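Just below is one structure, and these are the notes that go with it.
What you see is a predicted model, and the numbers here were worked out from it, not measured in a lab.
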Amino acid sequence: MRKFLKFVFIIALSFGFVGCAEKYTELYNLSPEEWYEQIIADIKAGDHENADKHYISMASEHVASPLLEQILLILAQAHADAEEYILSNHYLDEYIKKYGDNGDKTEFAQYLKIKANFDSFAQPNRNQKLMEDSIREIEKFLYAYPNTKFRPLIDTMLIKFKLAVYYLDMSIYDLYMRTGRETSAKIYKEKLDTSSLKDANLLEPNLPWYRSMFE
C-alpha cells in the first residue's frame, strides 16, 4: 500500500511539473494568426498578464501585421472590463500612435479613453484630479469633434463629472464650516456661488453605510 501511494505521489508530482512547464513555456515564431488566437485564449482565461506578454512577442515578430490593430483594441477593452484602466489607456495610446492618421479611428480611441476614465470613477467623493482631468479631456474632445456620433454619451459623462465636482466642493465647504476653518470655507463658497450648477436640484450620491462613515 505504501509503495502504491508513493507511486501515485510521484505521478501527481510529475504531472504538476509538466503543468507548470506548459504554463510558463515561452512561445515564439508563431504566425500572426496563431499569436492572435493565443492572445484571445489568454483573455478568455482571464490571464491578462500573459496576453500582454504575447502581444509584445506578436508585435516584435510581425510588425506590419494588420491583426495588430484589432488586437490593440481587444486588449484595451479587456483591461477596461477588468477595471485595469491605466493599462487600457496604455493600449489606446499605442493604438492612436500607430493608427491615428485616420480621423475616425482616433476619435473612437479617444472616446474609449474617456469612457475608461468614466468607468473608473466609482467613488463620488474621491479622485478629484481624475474628475477635473476628465472634464478637460471631454471638452478638448468636443472641440476636436463637434459633430461626433458619441456626443450624447460624452455629454452625459461631462454632466456627471461636473455634478460630482460640484458635490465634492459642497462637501469640502461643509467640512471646513463644521471645523471652523472659515478662510478655506470662503474659497469653496465662492466656487459654489460662481458654478453654473448652483441652482441645480442635486441628488446626493448614495453611499454604503460602511463608506459613509469615512467620507
Separation between OG of Ser57 and CG of Asn29, rounded to the nearest 0.5 Å
10.0 Å
Check against salt bridge (Lys or Arg N to Asp or Glu O under 4.0 Å), Lys186 and Glu182:
CA-CA 6 Å; Lys186 183 179 179 182; Glu182 294 182 3; over 6 Å; no
Give me the ring orientation class for Tyr111 and Phe150: parallel if the planes are under 30° apart, tilted from 30 to 60°, perpendicular past 60°.
parallel
So His48 and Asp42, side chain to side chain donor-acceptor pair (under 3.5 Å) or not? Walk me through it.
CA-CA 6 Å; His48 295 151; Asp42 292 335; over 6 Å; no
Can you measure from NE2 (His90) to CG (Asp52) and round to the nearest 0.5 angstrom?
8.0 Å
Going from CZ on Arg136 to CE on Met131, what distance comes out if it is rounded to the nearest 0.5 angstrom?
11.5 Å
Note, Ile187 side chain near Tyr173 side chain (heavy atom, < 4.5 Å):
no
Can you say whether the rings of Tyr91 and His79 are parallel (under 30°), tilted (30 to 60°) or perpendicular (over 60°)?
parallel
Find out whether Leu68 and Met58 are in side-chain contact, i.e. whether some heavy atom of one side chain is under 4.5 Å from a heavy atom of the other.
yes
With rounding to the nearest 0.5 angstrom, report the CG to CG distance, Asn147 to Leu142.
10.5 Å
What I want to find out is whether Lys115 reaches Asp119 closely enough, with some N-O distance under 4.0 Å, to be called a salt bridge.
yes
If every non-hydrogen atom of Ala80 is compared with every non-hydrogen atom of Tyr85, which pair is closest and at what distance?
O-CE2, 3.6 Å
Electrostatic pair Glu107:Lys149 at N-O distance under 4.0 angstrom
no
Counting only heavy atoms not in Glu69, do more than 12 fall under 6.0 Å of its CD?
yes
Asn117/Asn89 under side chain to side chain donor-acceptor pair (under 3.5 Å): CA gap, chis, key distance, verdict:
CA-CA 9 Å; Asn117 286 341; Asn89 280 336; 3.3 Å; yes
Assess whether atom NZ of Lys191 is packed by more than 12 heavy atoms of other residues, nucleotides or ligands within 6.0 Å.
yes
Hey, mind stepping through Tyr99 and Glu94 against side chain to side chain donor-acceptor pair (under 3.5 Å) and telling me if it holds?
CA-CA 8 Å; Tyr99 307 105; Glu94 187 169 346; over 6 Å; no
Side chains of Arg151 and Thr148: closer than 4.5 Å at any heavy-atom pair?
yes
Taking side chain as C-beta onward, heavy atoms only, is Glu132 less than 4.5 Å from Phe161?
no
Could you go step by step and tell me if Phe118 and Lys160 meet the side chain to side chain contact (heavy atoms under 4.5 Å, CB included) rule?
CA-CA 9 Å; Phe118 181 79; Lys160 289 187 175 181; 3.7 Å; yes
Can you give me the closest heavy-atom contact between Ser88 and Ala76, atom names plus distance?
OG-O, 2.8 Å
Taking the side chain as every heavy atom from C-beta outward, state whether Ile74 and Ile39 have any atom pair closer than 4.5 Å.
no
Heavy-atom pair with the smallest gap, counting every atom of Leu30 and His62
O-NE2, 2.6 Å
Closest approach of Thr106 to Gly100 (non-hydrogen atoms, all atoms of both residues)
OG1-O, 2.7 Å
With the side chain counted from C-beta on, respond yes when Phe141 and Lys113 share a heavy-atom pair under 4.5 Å apart, and no when they do not.
no
Any side-chain heavy-atom pair of Leu92 and Leu73 under 4.5 Å:
yes
Value for CD1 (Ile135) from CD1 (Ile159), rounded to nearest 0.5 Å, stands at 9.5 Å
Residues, nucleotides or ligands: over 12 heavy atoms within 6.0 Å of Lys140 NZ:
no
Judged by modelled atom types alone, do Gln110 and Tyr145 share a side-chain donor-acceptor pair under 3.5 Å?
no
Measure the shortest side-chain to side-chain distance between Trp35 and Ser31 over non-hydrogen atoms and say whether it is less than 4.5 angstrom.
no
Look up atom CG in Leu75 and atom CD in Gln70, then write down how far apart they are to the nearest 0.5 Å.
11.0 Å
